[in-house]
Amino acid sequence: QVQLVESGGGLVQPGGSLRLSCAASGSFVAINVMGWYRQAPGKQRELVAGKPGGGDTVYADSVRGRFTISRDNAKNTVYLQMNSLKPEDTAVYYCNAVITRLSGIYTYWGRGTQVTVSS
């Protein structure tokens, strides 16, 4: 009943930029936290950035200063602006949200979008 849909992935050259979007749809009371994770082949999924409704934004050390997370609450959408991309940023990027529904609080995941940084 709640769905997260990512978009904006693709192929970009090193040093280039890309912006990911994730829109939440369905029936819910509030979106408490939205964030981005990524997973490269053979590696564990890792937190890239998180954006709570209230509180501090968090970034992985590897992306701090290059990536920026933002939210448009009216559109139930979170964005990840990725600048100065490096080949090591190549991964599947997943949208994550902690959402309050009438029945409780739940965590949801998008299906992922591929980001490839290569010359």
Side-chain angles (χ1 to χ4, degrees):
Q1 293 181 340
V2 175
Q3 186 177 21
L4 304 179
V5 180
E6 303 102 331
S7 63
L11 175 65
V12 64
Q13 293 184 344
S17 298
L18 210 59
R19 189 174 80 154
L20 306 182
S21 300
C22 173
S25 62
S27 179
F28 49 83
V29 176
I31 301 175
N32 303 318
V33 183
M34 298 190 82
W36 291 93
Y37 289 72
R38 68 185 182 187
Q39 187 168 23
K43 298 182 179 179
Q44 292 185 342
R45 188 173 300 185
E46 64 174 347
L47 174 68
V48 178
K51 186 72 172 179
D56 295 334
T57 300
V58 297
Y59 292 96
D61 290 341
S62 59
V63 308
R64 188 175 292 108
R66 299 187 297 120
F67 292 9
T68 303
I69 188 171
S70 61
R71 286 177 63 175
D72 185 338
N73 292 326
K75 297 181 179 179
N76 296 320
T77 299
V78 63
Y79 305 93
L80 186 67
Q81 178 66 46
M82 304 184 293
N83 298 325
S84 302
L85 283 162
K86 305 174 181 179
E88 48 264 46
D89 294 318
T90 297
V92 177
Y93 284 70
Y94 297 90
C95 180
N96 169 265
V98 179
I99 294 176
T100 297
R101 304 184 70 201
L102 290 176
S103 58
I105 302 174
Y106 305 89
T107 299
Y108 296 91
W109 292 93
R111 294 186 180 274
T113 184
Q114 178 70 48
V115 172
T116 302
V117 184
S118 177
S119 59

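Values in this document were obtained by computation on a predicted structure and should not be read as measured data.
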Notebook entry, point to check: Taking atom OG1 of Thr90 and atom CD of Gln114, what is their separation to the nearest 0.5 Å?
Noted result: 7.0 Å

Notebook entry, point to check: With no hydrogens and no angle check, is any side-chain donor or acceptor of Arg38 less than 3.5 Å from a backbone partner on Leu47?
Noted result: no

Checklist line | Heavy atoms of other groups near Gln1 CD, more than 12 under 6.0 Å | finding: no

Next item on the list: Determine yes or no for a side-chain-to-main-chain donor-acceptor pair under 3.5 angstrom, with Arg66 supplying the side chain and Ser84 the backbone.
Entry: yes

Note to self: Could you check whether Arg19 and Ser7, counting side-chain N and O atoms only, form a donor-acceptor pair closer than 3.5 Å?
What the structure shows: no

Checklist line | Shortest non-hydrogen separation from Ser119 to Pro14 and the atoms involved | finding: N-CD, 3.6 Å

Notebook entry, point to check: Are a donor atom and an acceptor atom from the side chains of Thr77 and Asp72 found within less than 3.5 Å of each other?
Noted result: no

Note to self: Quick one, Ser17 with Gln81, criterion side chain to side chain contact (heavy atoms under 4.5 Å, CB included). Give me CA distance, side-chain angles, the key distance, then yes/no.
What the structure shows: CA-CA 7 Å; Ser17 298; Gln81 178 66 46; 4.0 Å; yes

Next item on the list: Hydrophobic side-chain clustering at under 4.5 Å (ILVMFWY, transitive links): who's grouped with Tyr59? Put none if nobody.
Entry: Val2, Leu4, Val12, Leu18, Leu20, Phe28, Ile31, Met34, Trp36, Val48, Val63, Phe67, Ile69, Val78, Leu80, Met82, Leu85, Tyr93, Ile99, Tyr106, Tyr108, Val115, Val117

Margin query: Apply side chain to side chain contact (heavy atoms under 4.5 Å, CB included) to residues Tyr37 and Glu46 and explain how you reach the verdict.
Written below: CA-CA 5 Å; Tyr37 289 72; Glu46 64 174 347; 5.7 Å; no

Next item on the list: Check whether Ile105 and Val33 end up in the same hydrophobic cluster, where Ile, Leu, Val, Met, Phe, Trp and Tyr are linked by side-chain heavy atoms less than 4.5 Å apart.
Entry: yes

Check: Of the non-hydrogen atoms in Pro52 and Gly50, which two are nearest, and what is the gap between them?
Finding: CD-O, 3.8 Å

Next item on the list: Report yes if some heavy atom in the side chain of Asn96 is under 4.5 Å from a heavy atom in the side chain of Thr107; otherwise report no.
Entry: yes

Margin query: When you measure from the centre of the six-membered ring of Tyr79, is the NZ or CZ of Arg71 closer than 6.0 Å and no more than 45° off the axis?
Written below: no

Checklist line | Pair Asp89 + Lys86: basic N to acidic O under 4.0 Å | finding: no

Item checked: Side chain proximity check, Gln13 to Ser118, heavy atoms < 4.5 angstrom -> no

Next item on the list: Evaluate the criterion side chain to side chain contact (heavy atoms under 4.5 Å, CB included) for residue pair Lys51 and Ser70; output intermediate values, then yes/no.
Entry: CA-CA 7 Å; Lys51 186 72 172 179; Ser70 61; 5.8 Å; no

Next item on the list: Test salt bridge (Lys or Arg N to Asp or Glu O under 4.0 Å) on Arg111 and Glu6 and set out the steps.
Entry: CA-CA 7 Å; Arg111 294 186 180 274; Glu6 303 102 331; over 6 Å; no

